[in-house]
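Below is one structure, written out as structure tokens; comments come after it.
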Amino acid sequence: MYLIEGEIYNQYDALRCTYDYLRDQADAIRDFYASYAPRSITFIGCGSGYCLCRSGAVSASLRLGIPGYGMAAGDLLINFDQYRNMIEGTLLVAPSRSGGTSEVVMAVEKAKALGVKTLGIAAKEGSPLGEIADLCLEIPWAFDESVCQTRTVTNLYTANLMLLGIIAEDDGLLSEINSAITVGNEYMEKYTPLAKEIAAQDWTKAVVLADSELEGIADEAAIAVTEIAQLPGTYHHVLDVRHGPMVLVDDSTLVIMFCSPAEITQQRRLVADLRGRGAKVVTISAQEDNLWDANWSVTIPSYHNFAVNGIPFIFIPQAISYYKALERGVDPDRPSGLEPWIKLG
């Protein structure tokens with residue numbers, strides 16, 4: 001068995017640990033936030049971590065009523081002076097698998113020199129990020145040994161969302177996260193055969209579509225296709241795929257689409273257009289009976305908090321990518337040319 005298979009299928013057990021840990025840290029998190037009273041929240045990360053920052057930024061803006069930003073840590077590091085006015089007075093949140101990626105650590109050091117408070121979330125204990133952050137939440141049970149992140153991604157996404165729920169004292173959000181975790185193992189077991197079936201189909205590239213708070217984790221899903229299956233994967237907002245990217249959609253394309261409960265007619269029309277171009281479409285939503293007329297339909301529980309959908313959503317592209325790698329005979333644990341984290345000289 002490849003490492004990544006165990007990490008994918010262990011992610012909900014790890015999520016239970018993450019959930020319980022952050023609930024235990026709730027008072028410390030709220031006290032830390034209240035003592036600083038930031039004017040904005042800025043999430044920074046690299047690669048998969050940066051994708052999760054984009055979802056976190058949207059969630060922060062919607063849930064805390066202050067501006068939320070998601071930035072590539074390397075961009076902030078190189079162009080720090082250009083962003084100075086934006087990050088003064090912000091709370092810098094840095095989710096990281098290793099807690100040692102150079103761009104993240106160096107950007108945090110620059111921000112701290114300005115007096116910016118920093119909160120790290122690391123899947124490794126005793127990391128450089130943990131040593132310099134004003135507060136660091138450590139979730140080592142979420143650490144992925146394989147190069148490509150799966151379990152770590154889901155846990156960092158959930159930790160970002162729980163962080164905001166704790167600050168906002170949103171018990172409804174935290175309760176729905178708990179519910180998503182509770183049914184997770186059963187959900188993975190139910191849809192694993194479908195993931196294998198989709199992986200066995202004749203497609204050579206993937207397009208991932210999602211909106212709102214799922215923007216970042218959907219972009220990470222496209223990265224999963226690229227890194228794990230080692231096939232081209234791209235992300236777009238749902239209706240925006242028509243504005244240019246549609247020209248590359250054809251009978252060699254798999255589309256993984258998260259469908260919102262609103263504007264059903266527009267989304268059904270898009271699925272019809274995608275299939276009309278020969279694409280194979282799998283939809284993920286709370287709607288039953290394949291309302292979308294897709295090739296395959298995944299049904300998840302209905303959540304009031306849109307961002308909670310990202311927790312079950314990400315498993316589907318992860319599993320499809322893993323089984324596609326097996327179909328293609330490539331190593332999903334050690335894709336050529338990819339390092340688990342980057343240390344700059």
Side-chain angles (χ1 to χ4, degrees), residues 4 8 47-48 51 54-55 148 150 153 191-212 214-260 263-285 287 290-300 309-310 312-330 332 335-338:
I4 198 169
I8 290 172
S48 296
C51 291
R54 288 164 53 199
S55 277
C148 306
T150 51
V153 158
Y191 283 108
T192 290
L194 181 64
K196 292 179 178 178
E197 177 184 335
I198 294 170
Q201 303 300 307
D202 185 20
W203 53 272
T204 58
K205 56 186 175 181
V207 174
V208 183
L209 305 177
D211 285 327
S212 186
L214 270 60
E215 170 188 334
I217 199 158
D219 201 0
E220 160 56 25
I223 290 177
V225 174
T226 301
E227 292 183 346
I228 300 170
Q230 298 168 48
L231 292 172
T234 57
Y235 159 76
H236 306 285
H237 286 281
V238 172
L239 296 184
D240 214 49
V241 72
R242 285 203 179 98
H243 295 267
M246 188 69 92
V247 301
L248 296 180
V249 172
D250 55 25
D251 59 6
S252 66
T253 306
L254 173 68
V255 177
I256 303 171
M257 176 174 169
F258 185 87
C259 297
S260 169
E263 294 292 348
I264 288 174
T265 299
Q266 294 295 339
Q267 293 175 94
R268 279 172 54 88
R269 288 173 179 167
L270 176 59
V271 170
D273 290 348
L274 292 164
R275 294 191 66 184
R277 295 184 64 85
K280 302 167 182 66
V281 181
V282 53
T283 55
I284 305 167
S285 74
Q287 303 291 338
N290 195 8
L291 172 70
W292 314 103
D293 292 327
N295 298 86
W296 306 278
S297 179
V298 172
T299 301
I300 63 175
N309 293 303
F313 163 80
I314 190 59
F315 166 73
I316 299 300
Q318 286 175 346
I320 291 172
S321 298
Y322 171 66
Y323 291 113
K324 191 65 170 180
L326 299 188
E327 287 280 336
R328 301 188 63 236
V330 299
S336 177
L338 187 65

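Given the structure is predicted, the values throughout are model-derived calculations rather than measurements.
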> If every non-hydrogen atom of Ala210 is compared with every non-hydrogen atom of Leu214, which pair is closest and at what distance?
Replying inline: CB-CB, 4.0 Å

> Tell me the side chain to side chain donor-acceptor pair (under 3.5 Å) pairs involving residues 274-283, sequence neighbours left out?
Replying inline: Arg275-Asn295

> For the residue pair Ala218 and Val208, what are the closest heavy atoms and their distance?
Replying inline: O-CG1, 3.5 Å

>> Apply side-chain contact (heavy atoms from CB on, under 4.5 Å) to residues Trp203 and Ile320 and explain how you reach the verdict.
In response: CA-CA 12 Å; Trp203 53 272; Ile320 291 172; 3.7 Å; yes

> Any side-chain heavy-atom pair from Trp296 and Glu197 closer than 4.5 angstrom?
Replying inline: yes

> Checking side chain to side chain contact (heavy atoms under 4.5 Å, CB included) against His243, which of Asp240, Leu239, Val241 comes through?
Replying inline: Asp240

>> Would the distance check show the side chain of Lys324 and the main-chain N or O of Gln230 forming a donor-acceptor pair, the cut-off being under 3.5 Å?
In response: no

>> Determine whether a donor-acceptor pair (N or O, by modelled atom type, separation under 3.5 Å) exists between the side chain of Ser252 and the backbone of Thr204.
In response: no

> Just by distance, do the side chain of Arg268 and the backbone of Asp293 share a donor-acceptor pair under 3.5 Å?
Replying inline: no

>> Within the 4.5 Å heavy-atom criterion, are Ile300 and Phe258 side-chain neighbours or not?
In response: yes

> With a 4.5 Å heavy-atom cut-off, do Pro245 and Val207 have their side chains touching?
Replying inline: no

> Is there a donor-acceptor pair under 3.5 Å between the side chain of Tyr323 and the backbone N or O of Ile198?
Replying inline: no

> Where the side chain of Ser48 meets the backbone of Glu220, is there a donor-acceptor pair that is under 3.5 Å apart?
Replying inline: no

> Considering all heavy atoms of both residues, which atom of Ser55 and which atom of Ile217 are nearest to each other, and what is their separation?
Replying inline: OG-N, 3.1 Å

> What are the two closest non-hydrogen atoms of Ala325 and Ala229, and how far apart are they?
Replying inline: CB-CA, 4.1 Å

>> Using a 3.5 Å distance criterion without hydrogens, assess whether the side chain of Asn309 forms a donor-acceptor pair with backbone atoms of Phe313.
In response: no

>> If the test is side chain to side chain contact (heavy atoms under 4.5 Å, CB included), which one of Thr253, Val225, Leu254 qualifies with Lys205?
In response: Thr253

> Between atom OG of Ser321 and atom CD1 of Ile223, what is the distance when rounded to the nearest 0.5 Å?
Replying inline: 11.5 Å

> Can you list the steps and then say if Asp273 with Met246 is a side-chain contact (heavy atoms from CB on, under 4.5 Å)?
Replying inline: CA-CA 9 Å; Asp273 290 348; Met246 188 69 92; 4.3 Å; yes

> Mind checking whether Phe315 and Thr192 have side chains closer than 4.5 Å, heavy atoms only?
Replying inline: yes

> Would you say the side-chain atoms of Gln267 pair up with the backbone N or O of Ser260, donor to acceptor, closer than 3.5 Å?
Replying inline: yes

>> Rounded at 0.5 Å granularity, tell me how far CG in Leu291 sits from OG1 in Thr299.
In response: 10.0 Å

> Within the distance-only criterion (no hydrogens, no angle test), does the side chain of Gln318 pair as donor or acceptor with the backbone N or O of Thr150 below 3.5 angstrom?
Replying inline: yes

> Just by distance, do the side chain of Thr226 and the backbone of Ala222 share a donor-acceptor pair under 3.5 Å?
Replying inline: yes

> For the residue pair Ser297 and Tyr191, what are the closest heavy atoms and their distance?
Replying inline: O-CE2, 4.2 Å

>> Can you list everything that forms a ring pair (Phe, Tyr, Trp, His ring centres under 6.0 Å) with Tyr235? Sequence neighbours excluded, please.
In response: His237

> Looking only at heavy atoms, which two atoms of Ala294 and Val281 are closest? And how far apart?
Replying inline: CB-O, 3.4 Å

>> Quick check for you: to the nearest 0.5 Å, what is the distance between Arg328 atom CZ and Ile228 atom CD1?
In response: 13.0 Å

